[in-house]
Amino acid sequence: RKEVEQDPGPFNVPEGATVAFNCTYSNSASQSFFWYRQDCRKEPKLLMSVYSSGNEDGRFTAQLNRASQYISLLIRDSKLSDSATYLCVVRTPGTYKYIFGTGTRLKVLA
Amino acid sequence: GAVVSQHPSRVICKSGTSVKIECRSLDFQATTMFWYRQFPKQSLMLMATSNEGSKATYEQGVEKDKFLINHASLTLSTLTVTSAHPEDSSFYICSARRTASTDTQYFGPGTRLTVL
């Protein structure tokens, strides 16, 4: 089993739609979780950290479910500019090392 | 905000040559820098963790004699791909963690290496 798993997609959604991505992780001791966004041939950029209580930043909401070992990202009112690959990242416990998921590709269509 | 730069952004070289990539934290001190590699349509894979003033820690399967890492100061780490071969062609990205701060990593813009 991979340490961090994501559905690669692509998710093709119309503008204005709501879309959700899930990510599962295998190490139950993991404590830090992030969602990064990566545009084609560019570096990953931090979208948001994921906190135990869940957190929201504008149209983006992240949730953590420790019991089932998954995190989710919800995007409301999708924009064309949201088209990108969304990377789920889990920090290895006891280190500062990141484990990246393979990413979920989102295409928002006009 | 935290800014990390990489140089060069793109390099094309002949097989057998060595290529050096620089990673700099421009507005903060970074005790730890990380080097990743990303092949097309794949995710980032951690190659090594670079700590200022000490030897880098390499991930399993990464040859330390082929990928030389030097972290001589709190703002600069270098990755040298020695005797490059076409299979080393990839997108190399560094990241930096602020000293005594959270575990957030800030990524450089990446270096696209093509070995002919």
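Lettering follows sequence order; numbering is per chain, from 1.
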In terms of side-chain heavy atoms, does A/Gln38 have a donor or acceptor partner in B/Gln38 at a distance below 3.5 Å? yes

Do B/Ile93 and A/Ile99 belong to the same hydrophobic cluster, where Ile, Leu, Val, Met, Phe, Trp and Tyr are linked whenever their side-chain heavy atoms lie under 4.5 Å apart, directly or via other members? no

Going from OH on B/Tyr106 to NZ on A/Lys45, what distance comes out if it is rounded to the nearest 0.5 angstrom? 13.5 Å

For the atom pair CZ (A/Arg41) and OG (B/Ser9), what is the distance rounded to the nearest 0.5 Å? 11.5 Å

Membership question, hydrophobic clusters at under 4.5 Å side-chain separation (ILVMFWY): are B/Val62 and B/Ile21 in the same one? yes

Check: B/Gln105 side chain, A/Tyr96 main-chain N or O, donor-acceptor pair, under 3.5 Å: yes

So what's closer than 4.5 Å to chain A heavy atoms on B/Phe34: side chain, backbone, both or neither? side chain

Should we say atom CD of A/Glu3 is surrounded by more than 12 heavy atoms from elsewhere, each under 6.0 Å from it? no

ILVMFWY network linking A/Leu106 to A/Leu74, side-chain heavy atoms under 4.5 angstrom: no

With hydrophobic residues grouped by side-chain heavy-atom distances under 4.5 Å, do B/Val4 and B/Leu76 end up in a single group? no

Indicate yes or no for a side-chain donor-acceptor contact from A/Thr102 to the backbone of B/Gln42 under 3.5 Å, with no hydrogens or angles considered. no

Could you tell me whether the side chain of A/Val4 reaches within less than 4.5 Å of the side chain of B/Ser43, counting heavy atoms only? no

Are there over 12 heavy-atom neighbours, none belonging to A/Met48, within less than 6.0 Å of that residue's CE? yes

Within a reach of under 6.0 Å around CZ of B/Phe39, are more than 12 heavy atoms found that belong to other residues, nucleotides or ligands? yes

Side chain, backbone, both or neither: which part of B/Gln6 has an atom under 4.5 Å from a heavy atom of chain A? neither

Decide whether B/Tyr58 and B/Val19 are clustered together by the hydrophobic rule: side chain heavy atoms of Ile, Leu, Val, Met, Phe, Trp, Tyr closer than 4.5 Å, transitively. yes

Among A/Gln6, A/Arg105, A/Lys97, single out the residue with the greatest number of heavy-atom pairs under 4.5 Å to chain B. A/Lys97

Under the criterion side chain to side chain contact (heavy atoms under 4.5 Å, CB included), I'd like the reasoning laid out for A/Thr95 against B/Thr49: C-alpha separation, chi angles, the key distance, then a yes or no. CA-CA 10 Å; A/Thr95 76; B/Thr49 302; over 6 Å; no

If you round to the nearest 0.5 Å, how far is CG of A/Leu46 from CZ of B/Phe107? 9.0 Å

Measure across B/Thr104 and A/Tyr98 and return the closest heavy-atom pair with its distance rounded to 0.1 Å. CA-OH, 3.3 Å

With a 4.5 Å cut-off on side-chain heavy atoms, are A/Leu87 and B/Leu44 touching? yes

Is the B/Tyr36 to A/Phe100 ring centre distance short of 6.0 Å? yes

Other residues, nucleotides, ligands: >12 heavy atoms within 6.0 Å of B/Lys20 NZ: no

